[in-house]
Amino acid sequence: MEILEAVKQLAGIETNEQDGVLQLMIADASAAVRDYCNRKECPTELSYVVREIVLDHYRMENGDHVASIKRGDTQISYQNTITKEQFTPRQRDAMYRYRLVRVM
């Protein structure tokens, strides 16, 4: 199941109105996971972690996550960007085995 569809199902979202915002959140969560793991691509094995991060962030915002919407040329933004500093200890533990050592 695609991450977007899984997030919508778990969050109880039945319309496509928030797809743009959720896609941005998924992209931010994937980027944060890649950054934490020191990888160029997000491991597919961690898609459940990305899904969990997006759900946590979505629920934390209580539905008031949209800061602005621009219809012409489609610009949607939400209030807080997802970063690796917001990971829970459980999420960090799940990602730890996929982490690569960064050599300078």
Task: Evaluation steps, side chain to side chain contact (heavy atoms under 4.5 Å, CB included), between Val21 and Tyr58 - done: CA-CA 10 Å; Val21 173; Tyr58 178 81; over 6 Å; no
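Put simply, NE2 on His57 and CG on Leu55 are 12.0 Å apart, with the number rounded to the nearest 0.5 Å. Atom CE of Met25 is separated from atom OG of Ser30 by 12.0 Å, given to the nearest 0.5 angstrom. In this structure, CZ on Arg92 lies 11.0 Å from SG on Cys37, to the nearest 0.5 angstrom. The distance from the CD atom of Glu5 to the CG atom of Leu22 is 10.0 Å, given to the nearest 0.5 Å. One distance of note links CD1 of Ile26 with CG of Asp19; it measures 8.5 Å at 0.5 Å rounding.
Remark: side-chain polar atoms of Gln86 are paired, donor with acceptor, to backbone N or O of Thr83 under 3.5 angstrom.
A search for side chain to side chain contact (heavy atoms under 4.5 Å, CB included) contacts involving Lys84 returns Asp35, Tyr36, Phe87, not counting sequence neighbours. Every residue meeting the salt bridge (Lys or Arg N to Asp or Glu O under 4.0 Å) condition with Arg90, not counting sequence neighbours, appears here in chain and number order: Glu52.
Contact of the Lys8 side chain with the Asn16 side chain is registered, since non-hydrogen atoms from C-beta on lie closer than 4.5 Å. Residues Asp56 and Gln91 are in side-chain contact: their nearest non-hydrogen atoms beyond the backbone lie under 4.5 Å apart. Counting heavy atoms from C-beta on, the side chains of Asn38 and Val101 never come closer than 4.5 Å.
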Contacts table for residues 39-50: side-chain donor-acceptor under 3.5 angstrom, sequence neighbours left out:
| unit_1 | atom_1 | unit_2 | atom_2 | d |
| --- | --- | --- | --- | --- |
| Arg39 | NE | Tyr98 | O | 2.6 |
| Arg39 | NH2 | Tyr98 | O | 3.2 |
| Ser47 | OG | Thr44 | O | 3.1 |

